[in-house]
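Read the structure below first, then the notes.
To find a chain, count down the sequence lines: A is the first, B the second, and so on, and within it residues start at 1.
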Amino acid sequence: MTFRNPQFAFSNSKKLSRAFYLRATLRVARDLLGKYLVREYRGKKLIGKIVEAEAYREGDPASHSFRGKTKRNEVMYWKGGHLYVYFTYGMHFCANVVTGKAGVGEAVLIRAVEPLIGIDVMMRNRFGTHQFPPEAPARLTSSRWSGGDAPLAQTNDQSPINLTNGPAKFCEAFAIGREQNGADLLGDQIYILNGERIPESKVGRSTRIGIKNGREKKWRFFVKGNPWFSR
DNA sequence: TGGACGATCCCCT
DNA sequence: GGGGATCGTCCAT
């Protein structure tokens with residue numbers, strides 16, 4: 001079911017319980033489709049509907065947890081319902097929903113959302129004029145960003161689709177960075193609401209994007225036909 | 001201590 | 001379709 005007025009839809013939604021996240025990772029990945037991710041940012045709500053997600057599991061060669069717990073991936077081993085944010089390619093953040101019991105290193109990467117509320121703020125976060133000194137190269141300054149402040153992307157495509165149709169784009173639009181690593185999704189900073197139920201007929205499934213090892217696993221889930229999923 | 005590389009994005013060809 | 005940007009992390013010296 002789709003809502004003509006997203007404001008109405010999220011006001012009637014409830015925050016997902018801890019139990020939701022403690023379930024099997026593949027189950028959580030599929031069920032996250034259609035849920036509303038809420039980011040409280042500077043007194044405003046940013047809300048997006050999750051339309052693409054990938055599961056990463058223990059024993060999975062594509063997972064950061066494949067070689068065991070490290071300082072970087074430690075949040076993956078927390079109990080389900082936390083946010084694991086990592087920094088990659090020297091300039092991007094990606095966000096995962098931690099799943100399963102404490103001690104189990106599994107998570108679901110949020111690859112794309114459909115923006116619903118706070119689109120003006122997302123636009124500014126992604127495409128706005130940065131606040132660093134004008135003489136500083138944008139690429140240099142953007143890498144120092146830690147998720148709380150300045151905007152960034154140097155792109156010519158400022159269409160709504162380009163706001164959140166990829167894991168790092170979504171993080172940039174939602175101002176998710178280092179400081180959000182380990183956030184409790186049952187808290188008030190970032191959380192997920194029980195949004196729309198996506199019927200099986202609209203759930204697409206494929207291999208995961210951008211990995212070498214474990215590429216045969218069909219652990220990517222997306223909402224068929226939604227314009228915001230990444231490819 | 002060094003080097004390779006990455007769950008990406010962007011622009012150019 | 002391909003390469004560059006850019007740096008934290010991990011593993012091999």
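- Heavy-atom distances to DNA chain B give each of D157(A) and R111(A) a nearest nucleotide, and the one nearer the 5′ end belongs to R111(A).
- Taking the ring centre of F20(A) as origin, the terminal cationic atom of R23(A) falls inside the region bounded by 6.0 Å and 45° from the ring axis.
- For the pair Q158(A) CD and dC11(B) P, the interatomic distance rounds to 10 Å; values are reported in whole Å.
- Atom CG of N213(A) is separated from atom P of dG6(B) by 9 Å (rounded to the nearest Å).
- Residue contacts for A168(A): at a heavy-atom cut-off of 4.0 Å it reaches the sugar-phosphate backbone alone, with no base atom in range.
- The cluster map of Ile, Leu, Val, Met, Phe, Trp and Tyr, joined by side-chain heavy atoms under 4.5 Å apart, puts Y77(A) and Y84(A) in the same cluster.
- One can place CD1 of I209(A) at 8 Å from P of dT8(B), the figure rounded to the nearest angstrom.
- Between K169(A) and the phosphate of dC10(B), there is a side-chain N or O to OP1/OP2 separation shorter than 4.0 Å.
- Remark: P of dG6(B) and CZ of F66(A) are 14 Å apart, rounded to the nearest angstrom.
- The only option from K49(A), K45(A), E196(A), E114(A) that meets the side chain to side chain donor-acceptor pair (under 3.5 Å) definition with Y36(A) turns out to be E196(A).
- The residues D31(A) and R27(A) are annotated as salt-bridged, a charged nitrogen and a carboxylate oxygen being separated by less than 4.0 angstrom.
- Per the geometry, CD1 belonging to I211(A) stands 17 Å off P belonging to dC5(B), to the nearest Å.
- Remark: C1' of dG6(B) and CG of L109(A) are 13 Å apart, rounded to the nearest angstrom.
- You'll find the side chain of N125(A) reaches within 4.5 Å of the side chain of L46(A), heavy atoms only.
- Contact annotation: N162(A) side-chain N/O to dC10(B) OP1/OP2 distance is under 4.0 Å.
- Here R126(A) does not reach the OP1 or OP2 of dC9(B): none of its side-chain N or O atoms lies under 4.0 Å away.
- Both F93(A) and I110(A) sit in one connected hydrophobic cluster of ILVMFWY residues. Membership requires side-chain heavy atoms under 4.5 Å apart, directly or through other members.
- When the P atom of dG3(C) is taken as reference, atom CE of M91(A) falls 17 Å away, rounded to whole Å.
- Taking the side chain of F87(A) as heavy atoms from C-beta on, and the options dC7(C), dG6(B), dA7(B), the nearest nucleotide is dC7(C).
- The side chain of T155(A) places an N or O atom within less than 4.0 Å of a non-bridging phosphate oxygen (OP1 or OP2) of dC11(B).
- Computed from coordinates, the H92(A) NE2 to dA7(B) P distance equals 13 Å when rounded to whole Å.
- No hydrogens or angles were tested; on distance alone, a donor-acceptor pair under 3.5 Å links the side chain of Y86(A) to the base of dA7(B).
- In the set dC9(B), dA5(C), dG8(C), dC9(B) carries the atom at the smallest distance from any side-chain atom of P167(A).
- With respect to R126(A) and D157(A), no salt bridge is recorded, no charged nitrogen being found less than 4.0 Å from a carboxylate O.
- Stacking of K15(A) on the aromatic ring of Y191(A) is recorded, both the 6.0 Å distance cut-off and the 45° axial limit being met.
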Using a 3.5 Å limit on both pairing distances, list the dot-bracket string of DNA chain C from the 5' end; Watson-Crick and G-U wobble pairs count, crossing pairs take [ ], interstrand pairs take |. |||||.||||||.
Listed pairs, N/O of protein and of nucleotides 10-13 of chain C, under 3.5 Å:
from	atom 1	to	atom 2	distance (Å)
dC10(C)	OP1	T70(A)	OG1	2.4

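- The side chain of N156(A) places an N or O atom within less than 4.0 Å of a non-bridging phosphate oxygen (OP1 or OP2) of dC11(B).
- A salt bridge is defined here as a Lys NZ or Arg NE, NH1 or NH2 lying under 4.0 Å from an Asp or Glu carboxylate O, and E54(A) with K218(A) fails to meet this definition.
- Considering only heavy atoms from C-beta on, V38(A) stays 4.5 Å or farther from I190(A) through its side chain.
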